[in-house]
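The residues of the chain are indexed from 1 along the displayed sequence. Please read all numbers here as calculations on a predicted model, not as lab measurements.
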Amino acid sequence: MASSTLDVSRAELALVVMYLNKAEARDKLCRAIQYGSKFLSGGQPGTAQNVDKSTSLARKVFRLFKFVNDLHGLISHVPKGTPLPLVLLGKSKNALLSTFLFLDQIVWLGRSGIYKNKERAELLGRISLFCWMGSSVCTTLVELGEIGRLSSSMKKIEKGLTNGNKYQDEEYRAKLKKSNERSLALIKSAMDIVVAAGLLQLSPEKITPRVTGAFGFITSIISCYQLLPTRPKIKEL
């Protein structure tokens, strides 16, 4: 019994180590701290706002050269059978997100004092945020399209079932899992549009720093959840 408990503890700790070893996971945890601080500060000077600003700057280090990932996605092949509108939206998302991450590096150089032209850095910062908002819009539309495709496919499987219990069908369960994952990604991307609008102050009366912080914190938690590793099965003794 003690050995079994120890095995479970080791497995759980190994998952934590595996999770924290991911640069993406550490970035999302810092993002949760950043937007949580923004929510607490409400845009007012103080400790919470200082944490927000310092964490925002620190996160930019995690994203150095990350634009290469979406640049690779931009030139990669798409799965056969993907409708052309979804292909175009997906490539647009890759292009916009890659541009955002590239420009974000210049913003980091400006805030670090390496790049001296502060006005240019701030302008590029706003352009980068517009790119991020555009990529979030594209992601939202892609997820909506993919969920629709999965729904149609699941209905076809239901019609072809003979035993009548769709949840016993392995293919149906796999598509249901994908649909749930895409639904979560849809919620996240839609909320990120609000976050981007808040950072750009497109509607400061409605999307206040507190609203921006709340939405950003929720999407950060969703991102942390999406990066969770699969739990290994522990053999019972």
- Message: Working note: Lys28 + Glu24, criterion salt bridge (charged side-chain N to carboxylate O under 4.0 Å, His left out); need CA distance, chi angles, decisive distance, verdict.
- Response: CA-CA 6 Å; Lys28 298 309 177 187; Glu24 185 75 10; 3.7 Å; yes

Rounded to the nearest 0.5 Å, what separates atom [atom1] in [X] from atom [atom2] in [Y]?
X: Asp27; Y: Cys224; atom1: CG; atom2: SG; answer: 9.0 Å
X: Ile127; Y: Leu103; atom1: CD1; atom2: CG; answer: 6.5 Å
X: Gln49; Y: Ser54; atom1: CD; atom2: OG; answer: 10.5 Å
X: Glu181; Y: Tyr225; atom1: CD; atom2: OH; answer: 8.0 Å
X: Ile106; Y: Asn117; atom1: CD1; atom2: CG; answer: 11.0 Å
X: Thr140; Y: Glu143; atom1: OG1; atom2: CD; answer: 8.0 Å

Do [X] and [Y] sit in the same hydrophobic cluster, where Ile, Leu, Val, Met, Phe, Trp and Tyr count as joined when their side-chain heavy atoms come under 4.5 Å apart?
X: Leu88; Y: Leu74; value: no
X: Ile218; Y: Leu29; value: yes
X: Leu109; Y: Val61; value: yes
X: Val16; Y: Leu228; value: yes
X: Met191; Y: Ile33; value: no

- Apply the test salt bridge (charged side-chain N to carboxylate O under 4.0 Å, His left out) to residues Arg149 and Glu146: give CA-CA distance (whole Å), side-chain angles for both, the deciding distance (0.1 Å), then the verdict. CA-CA 5 Å; Arg149 293 178 67 203; Glu146 291 293 354; 3.2 Å; yes

Please find the pair of heavy atoms, one from [X] and one from [Y], that lie closest to each other, and give the distance.
X: Val107; Y: Ala121; value: CG2-O, 3.8 Å
X: Cys131; Y: Thr99; value: SG-CG2, 3.8 Å
X: Leu57; Y: Ser112; value: CD1-OG, 4.4 Å

Mark yes when over 12 heavy atoms from residues, nucleotides or ligands other than [X] sit less than 6.0 Å from its [atom1]; otherwise mark no.
X: Lys53; atom1: NZ; result: no
X: Lys22; atom1: NZ; result: yes
X: Arg120; atom1: CZ; result: no

Under 3.5 Å: donor-acceptor pair, side chain of [X], backbone of [Y]:
X: Gln105; Y: Leu64; answer: no
X: Arg182; Y: Leu144; answer: no
X: Ser179; Y: Leu176; answer: no
X: Lys91; Y: Gly73; answer: yes
X: Thr55; Y: Asp52; answer: no
X: Lys175; Y: Ser153; answer: no

- Taking only residues two or more places apart in sequence, or in another chain, which ones meet Asp192 in a side chain to side chain contact (heavy atoms under 4.5 Å, CB included)?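 Result, side chain to side chain contact (heavy atoms under 4.5 Å, CB included) vs Asp192: Arg31, Trp132, Ser136, Lys188, Val195, Thr219.
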
Donor-acceptor contacts, no H, no angles, side chain residues 196-212, under 3.5 Å, sequence neighbours left out:
| unit_1 | atom_1 | unit_2 | atom_2 | d |
| --- | --- | --- | --- | --- |
| Thr208 | OG1 | Val211 | N | 3.3 |
| Arg210 | NH1 | Phe39 | O | 2.7 |
| Thr212 | OG1 | Thr208 | O | 3.0 |

Side-chain contact, heavy-atom cut-off 4.5 Å: [X] with [Y]?
X: Leu96; Y: Cys138; result: yes
X: Ile222; Y: Gln226; result: yes
X: Val142; Y: Lys93; result: no
X: Leu71; Y: Asn94; result: no
X: Arg111; Y: Ser56; result: yes

- Any ring-ring contact (aromatic ring centres under 6.0 Å, His included) involving residues 61-83? Give me the pairs, sequence neighbours left out, ordered by first then second residue.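 Applying ring-ring contact (aromatic ring centres under 6.0 Å, His included) to every pair that reaches into residues 61-83, excluding sequence neighbours, yields Phe67-Phe102.
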
